[in-house]
Protein chains: 2
Amino acid sequence: MPETARQIADDLRARIESGELTPGDRLPGEPSLVRKYGVAKMTANQALKILVSEGLAVARPGSGTYVREFRPIRRVANDRLAKSRWAAGQSIWSADVARRPLVTDVQVHEAPAPHQVSRLLELDPGAPVIIRSRKFLVEDRPVQTATSYLPADLVRDTAIAQPDTGPGGSYARLAELGAEPVRFAEELRARMPSDEERMALNLAAGTPVIEICRTAFTADDRPVEVNQMLLDAGSYVLEYRLSS
Amino acid sequence: MPETARQIADDLRARIESGELTPGDRLPGEPSLVRKYGVAKMTANQALKILVSEGLAVARPGSGTYVREFRPIRRVANDRLAKSRWAAGQSIWSADVARRPLVTDVQVHEAPAPHQVSRLLELDPGAPVIIRSRKFLVEDRPVQTATSYLPADLVRDTAIAQPDTGPGGSYARLAELGAEPVRFAEELRARMPSDEERMALNLAAGTPVIEICRTAFTADDRPVEVNQMLLDAGSYVLEYRLSS
DNA sequence: GAGTGGTCTAGACCACATC
DNA sequence: ATGTGGTCTAGACCACTCG
């Protein structure tokens, strides 16, 4: 009887979806599946791998395989970019989570703009930009990385070129420079992460990422920031509000 | 030397990312990997499976494993919902692809609203709704499924309850009923598909899906439609425009 | 130390695609 | 008819966790 691994996975999946096994529960281990289904150990292993690759379970070597837990962050694009937030000195994150996330691995440097960035910022190819990259932790788990690009000629001597951008963040600083961002375009993709990205976000196998590229424009349609974000898809629900 | 499968996968990935192997190319087969690396056939198989699960390659049984090809559809949320489109009798799809997609598997029926839908439509639990489900093909490939829910009391005797909703689609019909949708909220998640969903969209292993739940509101903030969509993530780039 | 998942081997059979 | 990926077996060793 081939197709055994899939069938075992189907059985376990059904038990998860029926609620018999709830998030955090330990799944039957390989030896127990070998006994129950009379298959080779490797077949049992592959059955469990199927669930892991579907994002339904997480394997913890030396311990067991567990039903995965979800607790998505709600990210409301419109609210978080509302001027009222950052103008009041708040982080745009205050719209997403009650507790402000930990920002780590902040790196700021100046370099020539990558191809695509210079196009989006309407700069000459290779023009200098300030590059701010950082990582966000919520409840000790990395959920997002972000890299912002801003025209160096505009922000070089401001707090934006410092690790700490001050109250209200870089948008408040841009406003002070007469380059207040009022319009935004977000371009969004979902895909599987590279190994590097999986490492950076500490992702379980079988978790996709959401890639967002946001360009911020001033009232006279000048692009002043490109922000390239990478989200752990399992940690997020995104919301957008539109009117026709 | 353990870790062999990963290393083989790393080698192949590097050759893909360097451009030595381009989309559509055939990867070295299992027998050739067995010879080159001196490993068991199953190890070679697993190495190829890693690339497939990362979405970088597609296996075609009996033929070979190939570098995957991408040709995303650009879906601009704002444009497609603009009244000017559907008011002119166009499909909202005309914003996304030059050639109108094929709509198949259209099914319309009336049934009690599922929990979440009745909540979003602000209906009594179990109130009757018209359910329209359909699938969209672009260039013969299924790229999206969609299921709409509309209050049955509002649309029961209109073209919306028919498979063909006429020029401009259901939004034009809603407008004729004095329930023109002018505001929309889209809630978006990315995840790995279930087997069922993988089947429906004919997805390669390692391809995530994007789940969008859109609620349409009238000018007086009455919800009149909930549309639950499932997109093949590899076939789409989504764009949202916002202003603060 | 016992149990866990992770990985590998060397062989086997199958269904399928391509020629 | 040949070659392909898909899957299975039965055994093995490893690194890890947990009590």
Side-chain angles (χ1 to χ4, degrees), chain A residues 1-13 16 21 24-69 195 198-199 202-207, chain B residues 1-13 16 21 24-69 195 198-199 202-207:
Chain A
M1 311 298 173
E3 286 302 288
T4 314
R6 292 219 106 80
Q7 280 176 10
I8 298 176
D10 289 346
D11 277 10
L12 296 174
R13 193 185 308 106
I16 293 173
L21 292 167
D25 281 2
R26 184 166 178 279
L27 293 170
E30 291 176 8
S32 123
L33 294 175
V34 166
R35 282 194 304 277
K36 183 159 170 189
Y37 292 90
V39 296
K41 173 173 150 53
M42 195 165 188
T43 305
N45 179 313
Q46 296 202 347
L48 291 172
K49 271 213 167 58
I50 288 174
L51 296 178
V52 170
S53 82
E54 286 175 347
L56 285 176
V58 179
R60 289 209 298 237
S63 169
T65 304
Y66 298 82
V67 181
R68 180 159 164 192
E69 314 195 57
D195 276 6
R198 182 176 293 122
M199 220 90 108
N202 194 21
L203 295 172
T207 308
Chain B
M1 313 296 167
E3 287 301 286
T4 315
R6 293 219 106 80
Q7 280 176 11
I8 297 176
D10 289 347
D11 276 10
L12 295 174
R13 193 184 308 105
I16 293 173
L21 293 166
D25 281 3
R26 185 167 176 277
L27 293 170
E30 292 177 8
S32 124
L33 293 176
V34 166
R35 282 195 304 276
K36 183 158 170 188
Y37 292 91
V39 296
K41 174 173 152 45
M42 194 164 192
T43 304
N45 181 313
Q46 296 201 347
L48 291 172
K49 272 214 167 59
I50 288 174
L51 295 178
V52 170
S53 81
E54 286 176 347
L56 284 175
V58 180
R60 288 207 298 229
S63 169
T65 303
Y66 298 81
V67 181
R68 182 159 165 193
E69 314 194 57
D195 276 6
R198 181 175 293 123
M199 219 91 107
N202 194 23
L203 295 173
T207 309

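Only this structure's heavy atoms are used, side chains among them; waters, hydrogens and symmetry mates stay out. What you are looking at is a predicted structure, and each value in this text was computed from that prediction instead of being measured. Chain identifiers are assigned alphabetically (A, B, ...) following the order of the sequence lines, protein sequences preceding nucleic acid strands; residue numbering begins at 1 within each chain.
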Under 4.0 angstrom between A/Arg6 side-chain N/O and D/dG6 OP1 or OP2: no

Spatial distance of atom CG (A/Leu56) from atom OG1 (A/Thr65) [nearest 0.5 Å]: 12.5 Å

Rounded distance (Å) that lies between atom P of D/dC8 and atom CG of A/Asn45: 12 Å

Between CZ on residue A/Arg13 and CD1 on residue A/Ile16, distance to nearest 0.5 Å: 8.0 Å

Which atom of A/Ala47 lies closest to which atom of A/Ala5, heavy atoms considered: CB-O, 3.5 Å

Proximity to DNA chain C (any heavy atom under 4.0 Å), residues of residues 32-40 of chain A only: none

Length of the CD1-C1' vector between A/Ile50 and D/dT7, whole Å: 11 Å

Letter per nucleotide, 5' to 3', of nucleotides 13-19 of chain D [B base touched, S only sugar-phosphate touched, - untouched; heavy atoms, 4.0 Å]: ---BB--

Contact summary for A/Leu48 and A/Pro28, nearest pair of heavy atoms: CD2-O, 4.0 Å

Nearest-0.5 Å distance that lies between atom CD in B/Gln46 and atom NZ in A/Lys49: 6.5 Å

Student check: side-chain heavy atoms of B/Leu27 and B/Leu33 closer than 4.5 Å: no

Listed nucleotide nearest any side-chain atom of B/Gln46, set C/dG5, C/dC8, D/dT7: C/dC8

B/Arg26 side chain, from C-beta outward: closest of C/dT7, D/dG5, C/dG5: D/dG5

5' precedence on DNA chain D between B/Met42 and B/Gly29 (nearest-nucleotide basis): B/Gly29

Nucleotide nearest B/Pro31 when distance is taken to its side chain, options D/dC8, D/dT4, D/dG6: D/dT4

Atom-pair distance (CG on B/Leu27; P on D/dG5), nearest Å: 9 Å

Matching residue for B/Leu51 among B/Asp10, B/Val67, B/Ile8, B/Leu12 - test: side-chain contact (heavy atoms from CB on, under 4.5 Å): B/Leu12

Pairs where residues 24-39 of chain A contributes a residue and the test salt bridge (charged side-chain N to carboxylate O under 4.0 Å, His left out) is met, not counting sequence neighbours: A/Glu30-A/Lys41

Beyond-backbone contact of B/Thr43 with B/Tyr37, side-chain heavy atoms, under 4.5 angstrom: no

Separation of D/dG5 P from B/Ile8 CD1 (nearest whole Å): 13 Å

Phosphate-side-chain proximity, B/Lys49 and D/dT7, N/O vs OP1/OP2 below 4.0 Å: yes

Closest nucleotide among C/dG6, D/dG5, D/dT7 to the B/Glu30 side chain: D/dG5

